[in-house]
Amino acid sequence: MISCQGLAMTYSEGTLRTPVFNGLDFAVNKGETVAILGASGAGKSTLLHLLGGLDTPTAGEVFVAGQRMNSLSDRARGLLRNRALGFVYQFHHLLPEFTALENVMLPVLLGGRGSPPVKEATQRATALLESVGLGHRLNHKPGELSGGERQRAAVARALVNRPACVLGDEPTGNLDEKTAATVFELMLALNRDQGTSLVMVTHDRRLARRLDRVMELHEGKLRQLPPGEV
Ligand code: ADP
Ligand code: ADP
C-alpha cells in the first residue's frame, strides 16, 4: 500500500547538515495498522512527511498505491496524495471559516477531474460525520466544536476520499486521555471497516500496543519491537 526503499533524509540549511536517517526500508500492507515510536527528534515526522509526499527525500524511493512518488510531477503527486492518502495531525487544521460539513467535503471537491460531484461529496461527508458522532454538528464551524469534536471531524476529513492509507502524526496527542482514547478507537474502527491502512506516530505505548505492528525509530534505524518490549 505504502512503502519506501533506501529512504534517506538530510536537512540542509546553509552549511548546516542534519542527517535524520539513511537507508530506511519499510512497507505497510493493505489494512495493516502500524505505530511508530521514537524519542523527540528521532525523525518520526520526517518519515511521515516523506511517506506522504509532503517533502522530497535526499535519496531513496516512496511508493504509494503502486506509484513511485518521486517520478510524478508535482500536480500528479498532489492528486495521488489527495486520493490515496489521508492525514491526521496533532492539531486539527480545519479551516475556521467553513462548517464541519464543508471541511470534510473539501478533499472530495479538490480531487480534480473525475472526482465525485458536490451531491455525492455532501452525502459522503454527512455519512462520515454521522459515523464519528457529529451528525448534529454538520453546520457548526470549528470554533463552535469541542477539542474532541474537532479532531473527530479531522478524522472524517482524512477518510472522505476512501484513502488506501491514513498517516497520523500524533493524532490524539493534543487531547485529554479519555478523548484521545475515543478518537483512537474511532480511527481503528473506521480503518477496519474501510480496509484502510494506518501508520501512526505516537508517544503513547498503550495506544501503540493496539496496532498490528510497532516500529521504533532510533538513531536513524527503524526496528520492529517485539510485543514484550512495547
Ligand atoms: P520527531 O518527529 O521524531 O520529533 P522530526 O522528524 O521532527 O523528529 O525531526 C528529526 C530531526 O530533523 C531533528 O533533529 C529536527 O531538528 C530536524 N528537522 C526537522 N525538520 C527540519 C527542517 N524543516 N529543517 C531542518 N531540520 C529539521
Ligand atoms: P469531547 O469529549 O468531544 O471533547 P466535550 O466534553 O469537550 O466533548 O464537550 C461536551 C459537549 O459540549 C460537546 O457535545 C460539545 O458540542 C459541547 N461543547 C464543548 N465545547 C464547546 C464550544 N466551545 N462551543 C460549543 N459547544 C461546545
Side-chain angles (χ1 to χ4, degrees), residues 1-28 32-64 69-70 72 74 77-78 80-81 84-94 147 150-151 154-155 157-158 163 165-177 179-180 183-184 187-188 191 197-226 229-230:
M1 234 27 345
I2 189 162
S3 65
C4 62
Q5 283 173 10
L7 197 67
M9 187 63 174
T10 294
Y11 289 105
S12 301
E13 297 161 288
T15 56
L16 180 67
R17 300 270 178 281
T18 309
V20 185
F21 39 71
N22 188 3
L24 291 189
D25 300 305
F26 176 54
V28 180
E32 195 182 21
T33 58
V34 182
I36 298 181
L37 297 174
S40 178
K44 305 178 298 296
S45 296
T46 300
L47 175 60
L48 221 56
H49 278 131
L50 295 175
L51 290 176
L54 297 170
D55 210 343
T56 308
T58 320
E61 300 289 349
V62 173
F63 297 87
V64 172
M69 278 282 202
N70 312 23
L72 300 175
D74 286 350
R77 194 180 312 120
L80 177 62
R81 206 161 50 215
L85 298 175
F87 297 88
V88 187
Y89 304 94
Q90 186 169 358
F91 299 96
H92 55 85
H93 295 297
L94 298 169
R150 281 180 212 141
Q151 204 61 356
V155 170
R157 180 186 52 186
C165 185
V166 168
L167 301 174
D169 196 348
E170 305 223 29
T172 63
N174 194 36
L175 303 172
D176 65 74
E177 200 176 333
T179 312
V183 171
F184 178 77
M187 290 182 78
L188 281 190
N191 282 279
S197 312
L198 173 64
V199 181
M200 192 173 113
V201 166
T202 180
H203 275 115
D204 190 332
R205 287 177 174 253
R206 266 198 303 174
L207 297 186
R209 260 185 236 132
R210 302 280 315 281
L211 303 187
D212 297 329
R213 236 184 331 142
V214 180
M215 312 288 295
E216 185 178 47
L217 191 55
H218 180 65
E219 292 178 352
K221 299 271 180 271
L222 201 52
R223 178 172 76 100
Q224 184 166 340
L225 295 184
E229 268 188 58
V230 183

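Each ligand, and each atom within it, is numbered from 1 in the order the structure gives. Counting from 1, the numbers follow the sequence of the chain as shown.
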Considering only heavy atoms of [X], which atoms of ligand 1 have at least one such atom less than 4.0 Å away?
X	result
Ser40	4 (O)
Ala39	3 (O)
Val20	10 (C), 11 (C), 12 (O)

Give the minimum heavy-atom separation between [X] and [Y], together with the two atoms involved.
X	Y	value
Pro57	Leu50	N-CD2, 3.5 Å
Asp55	Met9	OD2-CE, 3.7 Å
Ala180	Leu175	N-CB, 3.8 Å
Met69	Leu80	SD-CD2, 4.2 Å

Gly43 N/O to ligand 1 N/O under 3.5 Å: yes
N or O pair under 3.5 Å between Ser45 and ligand 1: yes
More than 12 heavy atoms of other residues, nucleotides or ligands under 6.0 Å from [atom1] of [X]: is that the case?
X	atom1	value
Asn22	CG	no
His203	NE2	yes
Arg206	CZ	no

Contact check, Ala42 vs ligand 1, heavy-atom distance below 4.0 Å: yes
Proximity of Thr46 to ligand 1 by residue part, where a heavy atom lies under 4.0 Å: both
When you measure from [atom] to every protein heavy atom, which one gives the shortest distance, and what is it?
atom	result
atom 4 (O) of ligand 1	Gly41 N, 2.7 Å
atom 15 (C) of ligand 1	Thr18 CG2, 4.9 Å
atom 23 (N) of ligand 1	Tyr11 CE2, 3.7 Å

Non-hydrogen protein atom less than 4.0 angstrom from atom 11 (C) of ligand 1: yes
Geometric class of the Tyr89/Phe87 ring pair [parallel <30°, tilted 30-60°, perpendicular >60°]: parallel
